[in-house]
Protein chains: 2
Amino acid sequence: MTTTRTYGQFCGLARALEIVGERWSMLVIRDLMLGPKRYTDLQLGLPRIPASILSSRLNELEQAGVVRRRVLPQLDAGLVYELTEYGSELDHIMLDLGLWGARSLGYPKDGDVFTNDAAILALYATFQEEAARGVHVTYVLRHSDSLIIHAMIDDGTLKVSGGDHPAADLVIEPQGPELIDLTTGNLTAAEAMATGRVRIEGPFEHLELFTKLFHIPPKPEIEDGLALH
Amino acid sequence: MTTTRTYGQFCGLARALEIVGERWSMLVIRDLMLGPKRYTDLQLGLPRIPASILSSRLNELEQAGVVRRRVLPQLDAGLVYELTEYGSELDHIMLDLGLWGARSLGYPKDGDVFTNDAAILALYATFQEEAARGVHVTYVLRHSDSLIIHAMIDDGTLKVSGGDHPAADLVIEPQGPELIDLTTGNLTAAEAMATGRVRIEGPFEHLELFTKLFHIPPKPEIEDGLALH
DNA sequence: CCGGATCCTCGGTGATACTG
DNA sequence: CAGTATCACCGAGGATCCGG
């Protein structure tokens, strides 16, 4: 069943990869980082994962002590999967790895899914704690009718959740993937407004603040491999 | 050739996994973290990787801007692979992931390889910077005749290299995998000495210091999944 | 409807051998 | 030394079916 292919190395990284390095495993963990989910919710967030693979991964992760299945107390509420404490300690690693990968992300390809959870985690990963000291502001990001999240910044801390927020200081409605350009610095807040690529409800200064609070560092250019210095 | 299987998600983590998430990729990166290596050196550190896979992975990683191939200036010195700046920015993530996995590592299985590089990275990953403030000490770890490394601690900074060090303050010769137990706290320095499981040359206090400088936190116990609190 | 198990196909993996 | 060629096999991926 779970043959648990090994690397044959006495090495922490090799062990980690044996546990969470299988295809889809880390994306399952990503989806569980924001809270317990049931099997079908996981399938919604990972549309391309075959049911049999999801089942295998959940079993392997449970075996390794990363994920736990829990029967909900409410009657007929079914089963949820959640991270154990050990699994939760992957959180900052996943955020860092996600931020590293975001620098090679580019624009969404046709057919790419963009989930609520991915948007929420993107904000956590790109959050600049230092820039948020003393700041109190609430944003609502409306990518589409079905993809709405809000972020509350409260003196260096960040809390992001799905859904709307009635008392947001600024509502941001990107017309496409311009938030990427805003957070990388490829697009300034003023340009985004001038070209109509981002619509806002609220004071403009809060949009400028947003670009300071959430930032993706640029990917280094490819250096010349033949430099002899 | 490199079909570059995708996840179909607009997500930094998914992108990162498309780049470095294939089987063996991260272990190749691990071996390049300590400096440029040639193809055959990579094979030595990864004995179970098929040559064709190593070749594919190196090409994929080069394509993604993580690895660069460089022709050595010296005549006939051949070709080396090294991390680009972008690839080097995975360093802390690999160390963190390796430390996470080390907590599930246990003892080496029969046939496991334990390379110089893995030993060096283990020290970096487990290093307690705070405990090393004001400390100046040099260790030599002799696991076997062919696996010798030395670690130099210099006021909060650590430098580990392969090979011996003539002026070490303490030489540690574990008789087996007891260094794991020492760094997890399962075995105290005094017990290790009393039971003869570790031989040292130098003052005993430096062994106690060692257990403070390098530490693997315990893996949390599996909680009861049915707790209703 | 939830939570899978089962069957089938295809391509990546892994072992061995061989070449510039 | 640095790979490519060939091939068996098994895990991924897709669809369908099954028990509660």
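Just so it is clear: chains get the letters A, B, ... in the order the sequence lines come, proteins before strands, and each one is counted from 1. Predicted model, so just to flag it, every value in this text is computed and none were measured.
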Going by side chain to side chain contact (heavy atoms under 4.5 Å, CB included), name the residues that satisfy it together with Ser55(A), two or more places apart in sequence or in a different chain. Tyr39(A), Asn59(A)

Output all residues satisfying side chain to side chain donor-acceptor pair (under 3.5 Å) with Asp91(B), sequence neighbours left out; order by chain, then residue number. none

Salt bridge present between Glu62(A) and Arg68(A) (N-O < 4.0 angstrom): no

Which residues in residues 24-35 of chain B have a heavy atom closer than 4.0 Å to any atom of DNA chain C? Trp24(B)

Name all residues meeting the salt bridge (Lys or Arg N to Asp or Glu O under 4.0 Å) criterion together with Glu129(A); count only those two or more places apart in sequence or in a different chain, and write none if there are none. Arg133(A)

Assess whether side-chain hydrogen bond (donor to acceptor under 3.5 Å, both in side chains) is satisfied between Tyr81(B) and Asp31(B), documenting all intermediate values. CA-CA 10 Å; Tyr81(B) 296 87; Asp31(B) 272 22; over 6 Å; no

Detail all sub-3.5 Å separations between protein N/O atoms and N/O atoms belonging to nucleotides 14-20 of chain D.
residue, atom, partner, partner atom, Å
dG14(D), OP2, Arg48(A), O, 3.4

Would Glu18(B) and Arg5(B) pass as an ion pair if we require N to O under 4.0 Å? no

Solution key, residues 23-30 of chain B side-chain donor-acceptor pairs under 3.5 Å, sequence neighbours excluded:
residue, atom, partner, partner atom, Å
Arg23(B), NH2, Thr6(A), O, 3.2
Arg30(B), NH1, Gln9(A), OE1, 3.0
Arg30(B), NH2, Gln9(A), OE1, 3.0

Name the pairs: protein N/O against N/O of nucleotides 18-20 of chain C, kept only if under 3.5 Å.
none

Sequence neighbours left out, what passes side chain to side chain donor-acceptor pair (under 3.5 Å) with Glu178(B)? Give chain and number order. Arg197(B)

Mind listing the residues from residues 109-117 of chain B sitting with a heavy atom below 4.0 Å of DNA chain C? Number order is fine. none

With sequence neighbours left out, which residue pairs that include part of residues 100-128 of chain A fulfil the salt bridge (Lys or Arg N to Asp or Glu O under 4.0 Å) condition? Lys37(A)-Asp117(A), Arg103(A)-Glu89(B)

For Phe127(A) and Phe214(A), take the angle between the two ring planes, folded into 0 to 90°, and tell me which bin it lands in: parallel under 30, tilted 30 to 60, perpendicular over 60. tilted

With Glu173(B) via side chain to side chain donor-acceptor pair (under 3.5 Å) - residues at least two apart: Arg142(B)

Can you name the ring-ring contact (aromatic ring centres under 6.0 Å, His included) partners of His143(B), sequence neighbours left out? Phe114(B)

Among dT4(D), dG14(C), dG3(C), which nucleotide sits nearest the side chain of Arg23(B)? dG14(C)

